[in-house]
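Attaching a single structure in structure tokens format; questions to follow.
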Amino acid sequence: MASPAQRLAPRHYLSVADLSPQEILDLLDRALELKRFGKPTDTRLAGRTAALVFQKPSLRTRVSFEVAMLQLGGSAVYLSPAEVQLGQREGAVDVARVLSRYVDAIVARVFLHADVIALAENASVPVINALSDREHPCQILADLLTLYERRGSLKGLRLAYVGDGNNVAHSLALVAPSLGIDLCFACPDGYEPDPGIMAEAQAGAASGSIELFRDPQEAVRGVDAVYTDTWYSMGQESEAEARAPIFRRFQLNDALLAEAAPDALAMHCLPAHRNQEITDAVMDGTASVVYDQAENRLHVQKALLLKLFGQD
Ligand code: CP
Ligand code: NVA
């Protein structure tokens, strides 16, 4: 359970913007240390428990958070969508208040971003956004770590995101330009990132920039990495058929990757619909860092948990 100090002021991670650019850079360094030198006997979170409240399915997020807690000496309790039925069986207010009596952190994957905010407003322990309709901030930390370890620095990198202007795109927009990354979006008409988030991202851009293109080839020209995500997110499965022809020319395939820099990386948060938004050839090719991104979820979330628990 939370210590008295944590009850007063739990530090939440609901958006990538909840960490300053410098905090993110420090976190990436810590994550790299954990990746290289992590000890199997780390006990910094001994006696601590995280509840994982998930309204949607997960492979990476669930397993990486559970393993992160275990590797730091703590434990995790996974609560499936059927168990909690957030917003149906019980609202976020009561879920947050009750869980705060048992556990030391809440990791929540929700449909509505308002629910993760309500959890944070009513919890006396840290709440981590494990994906909402607005953002996927833990994913983007892992993606930044992947770029950082491959390229040694983030500042000055050029990154293209091609496809749906969704939660992953939003988190990228809110953080990449603030770290000096030039971000080029290519999205179909009507599927751009949220204008409010784009305005926020523009305002927070430091030495980096953010630009929206209609033509994927143009967005990708000469960039250091090309990122894509599913054409339809969890909860939008009924739109899959209608969206396919709209997104087809935004597919990350060899021809599109050829427009990028010769050593450009191909990125995807996974799960991928192979040969829809990304081809087998790109997923399994030499440019692909998709499994590094997946692995880095573990390392960066360990660093995040340590930070939120004041153990970094
Ligand atoms: N990338 C990601 O969040 O994967 P899961 O949905 O499997 O957790
Ligand atoms: N945009 C995707 C990300 C999955 C990790 C979704 O929300 O389903």
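Order of listing sets the numbers, starting from 1, for every ligand and every atom in it. Being a predicted model, the structure only gives us computed values, none of them experimental.
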Problem set entry | Ring-ring centroid check Tyr78 Phe54, cutoff 6.0 Å | yes
Exercise. For atom 1 (N) of ligand 2, which of Val168, Leu131, Asp229 has the closest heavy atom?
Worked result: Asp229
Exercise. Hey, is ligand 2 close enough to Met234 that some N/O pair sits below 3.5 Å?
Worked result: yes
Problem set entry | Residue portion contacting ligand 1 (non-hydrogen atoms closer than 4.0 Å) for Arg109 |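 Arg109 to ligand 1: side-chain contact only, backbone stays beyond 4.0 Å.
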Exercise. Does even one non-hydrogen atom of Asp164 get within less than 4.0 Å of ligand 2?
Worked result: no
For this session: Tell me which part of Asn167 gets within contact of ligand 2: side chain, backbone, both or neither, using heavy atoms under 4.0 Å.
Result: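 Just the side chain.
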For this session: Give yes if a backbone or side-chain nitrogen or oxygen of Lys56 is under 3.5 Å from a nitrogen or oxygen of ligand 2, and no if not.
Result: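 No; the residue has no nitrogen or oxygen that sits under 3.5 Å from a nitrogen or oxygen of the ligand.
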Exercise. Relative to the ring of Phe185, is the ring of Tyr161 parallel (under 30°), tilted (30 to 60°) or perpendicular (over 60°)?
Worked result: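 If you compare the ring of Tyr161 with that of Phe185, the planes turn out perpendicular.
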Exercise. Does an N or O from Ser233, backbone or side chain, lie closer than 3.5 Å to an N or O of ligand 2?
Worked result: yes
Exercise. Do other residues, nucleotides or ligands put more than 12 heavy atoms under 6.0 Å from the CD atom of Glu241?
Worked result: no
Exercise. For His136, is at least one N or O under 3.5 Å away from an N or O on ligand 2?
Worked result: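 No, no N or O pair falls under 3.5 Å.
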For this session: Run the numbers for me: atoms of ligand 1, each under 4.0 Å from some heavy atom of Arg297, listed by number.
Result: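 Near Arg297, the atoms of ligand 1 are 1 (N), 2 (C), 3 (O).
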